[in-house]
2 protein chains.
Amino acid sequence: MPPRPHPARDLREACVDQALAIIGDVGVEALSIREVARRLGVSHQAPYKHFPSSDHLLAEVVRRTYRQFSEYLEARPRNGDPGDDLKSGGVAYFGFAREFPLHYRLLFSTPLPDPASHPEMMAEARHAFQLLYADIGWVKPGASDTERQLDALFVWATVHGLASLMQTAALDQIGLDPGVLDQAMPHALHRIGKALAP
Amino acid sequence: MPPRPHPARDLREACVDQALAIIGDVGVEALSIREVARRLGVSHQAPYKHFPSSDHLLAEVVRRTYRQFSEYLEARPRNGDPGDDLKSGGVAYFGFAREFPLHYRLLFSTPLPDPASHPEMMAEARHAFQLLYADIGWVKPGASDTERQLDALFVWATVHGLASLMQTAALDQIGLDPGVLDQAMPHALHRIGKALAP
DNA sequence: GCTTTGAGTAGACACTGTCAACTTATGAGC
DNA sequence: GCTCATAAGTTGACAGTGTCTACTCAAAGC
């Protein structure tokens with residue numbers, strides 16, 4: 001096959017798109033550079049002209065997924081009441097995990113490429129955390145920075161933990177009453193509210 | 001090489017041991033049947049006489065790790081006070097995650113073999129959850145089953161979420177105050193206590 | 001017009017899981 | 001004690017993976 005007249009940028013973009021598609025369809029385990037190339041009809045080495053290694057492709061995919069995630073969180077409606085906004089944040093967080101389970105798992109349950117080698121990826125992750133941190137700040141306006149961080153971690157841990165447990169498949173087999181899984185998130189948010197009350 | 005006079009059971013056990021060692025050393029990603037065979041000095045097909053597929057080896061490893069985990073939780077000292085015992089359970093849970101991060105990740109952040117195909121694995125997982133569930137029961141003696149399950153999920157989610165976030169490596173780069181990570185667990189347990197208070 | 005460089009192809013290597021065929025030791029039935 | 005089935009090893013192959021190297025070829029710079 002002769003080289004194709006791809007303007008360079010195109011193939012790079014196309015690789016990322018295909019990688020995201022594969023992850024959304026089948027999960028990150030099925031992601032391989034060769035499969036990406038195959039889907040795009042190029043040789044198995046073509047993607048290497050745009051990504052030094054498969055980790056770099058993965059890092060770029062993760063970066064974009066963090067961005068998607070942030071945008072999803074920011075897109076939720078707010079009403080200005082700090083407590084309500086924190087709760088709607090939790091719901092949105094959880095909604096993303098349910099709507100894009102495989103992408104969510106990519107962010108939080110997958111060994112990511114070495115963070116030090118991929119600062120752009122981490123910058124996007126940091127931004128997502130800042131969103132939560134800011135909402136906590138509104139709820140506890142008098143608290144010290146450290147205290148706010150601790151509470152942000154607490155809230156994050158609970159919401160993330162629940163989203164993460166829901167994907168474990170262990171949960172389905174554990175003998176819970178029917179409906180418990182559906183109520184789990186609102187219940188947890190309720191508990192969080194109680195825990196943070198003055 | 002002639003076949004060795006291994007009594008069959010030995011090689012099976014040895015495979016599981018090596019697999020656990022590999023996971024503890026380098027993580028589950030580095031686990032491969034061939035590597036196990038190599039370390040044991042047997043041919044790359046020998047393990048297949050004891051495990052139909054690599055998933056079956058993994059399932060057995062996961063099963064044992066769940067058991068280790070349960071034993072770790074049960075080994076903690078209790079003083080009989082329901083609130084204290086729940087807290088010490090959280091501390092122990094967290095302790096396991098910190099002491100055996102790679103094994104913990106195996107249980108909760110790794111795509112496990114299909115649960116339906118490996119019921120023994122799931123039975124062990126269920127048992128671990130029962131431990132937590134029982135402790136919640138003591139704390140809320142009057143509550144309905146459903147309510148207890150919801151609170152058990154809440155507690156589990158928080159503790160698991162924190163343990164899981166701590167491994168994300170995202171946390172190191174997120175700009176937290178020094179010491180926050182050390183305080184995170186006691187703080188979360190404190191919040192849990194407040195959330196569950198009558 | 002020559003040369004450098006970017007972006008593609010093709011082939012090789014080592015690694016993986018798994019299938020198939022072969023060997024050999026052990027134990028049961030007679 | 002002989003035979004034969006089976007369990008538990010062996011080797012060899014195949015397709016899949018990431019990645020190294022060597023090649024082609026077109027466009028851009030001077």
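Each chain gets a letter, A, B and so on, in the order the sequences are listed, and its residues count up from 1.
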Atom-to-atom span, CD of A:Glu13 to P of C:dA7 - whole angstrom: 14 Å
side-chain contact (heavy atoms from CB on, under 4.5 Å) partners of A:Tyr48, counting only residues at least two apart: A:Ile33, A:Gln45
Sorted by number, the residues of residues 19-35 of chain B with heavy-atom contact under 4.0 Å to DNA chain C: B:Ser32, B:Ile33, B:Arg34
Nucleotide nearest B:Ser54 when distance is taken to its side chain, options C:dA7, C:dT18, D:dT10: C:dT18
Interatomic distance where CZ belongs to B:Arg12 and C1' belongs to D:dA7 [whole Å]: 15 Å
Nucleotide D:dT11, atom P - distance to NZ of B:Lys49 in whole Å: 13 Å
d(CG, A:Asp55; P, D:dT17) in whole Å: 17 Å
List the atom pairs, with distances to 0.1 Å, where a side-chain N or O of residues 184-195 of chain A and a protein N or O form a donor-acceptor pair under 3.5 Å, not counting sequence neighbours.
{"unit_1": "A:His187", "atom_1": "NE2", "unit_2": "B:Asp151", "atom_2": "OD1", "d": "2.7"}
{"unit_1": "A:Arg191", "atom_1": "NE", "unit_2": "B:Asp151", "atom_2": "OD1", "d": "2.6"}
{"unit_1": "A:Arg191", "atom_1": "NH1", "unit_2": "B:Ala195", "atom_2": "O", "d": "3.4"}
{"unit_1": "A:Arg191", "atom_1": "NH2", "unit_2": "B:Asp151", "atom_2": "OD1", "d": "3.3"}
{"unit_1": "A:Arg191", "atom_1": "NH2", "unit_2": "B:Asp151", "atom_2": "OD2", "d": "3.1"}
{"unit_1": "A:Lys194", "atom_1": "NZ", "unit_2": "B:Ala195", "atom_2": "O", "d": "3.4"}
{"unit_1": "A:Lys194", "atom_1": "NZ", "unit_2": "B:Ala197", "atom_2": "O", "d": "2.4"}

Any donor-acceptor N or O pair under 3.5 Å, side chains B:Glu99, B:Tyr72: yes
A:His56 NE2 - D:dG18 P separation (whole Å): 15 Å
Spacing of A:Leu40 atom CG relative to C:dA7 atom P, expressed in whole Å: 16 Å
Residues A:Arg67, A:Glu124: salt bridge by 4.0 Å N-O rule: yes
Length of the line joining B:Tyr48:OH and C:dT16:P, which is rounded to integer Å: 11 Å
Set of residues satisfying side-chain hydrogen bond (donor to acceptor under 3.5 Å, both in side chains) with respect to A:Asn79, sequence neighbours excluded: A:Asp84
Under-4.0 Å side-chain N/O to phosphate OP1/OP2 contact, A:His50 with C:dG6: no
With sequence neighbours excluded, residues passing side-chain hydrogen bond (donor to acceptor under 3.5 Å, both in side chains) with A:Asp17: none
Residues which pass side-chain contact (heavy atoms from CB on, under 4.5 Å) with A:Asp25, listed by chain and number, not counting sequence neighbours: A:Arg39
A:Arg38 side-chain N/O to D:dT17 phosphate OP1/OP2 under 4.0 Å: yes
Whole angstrom value for the distance that separates P of C:dA7 from NE2 of A:His44: 18 Å
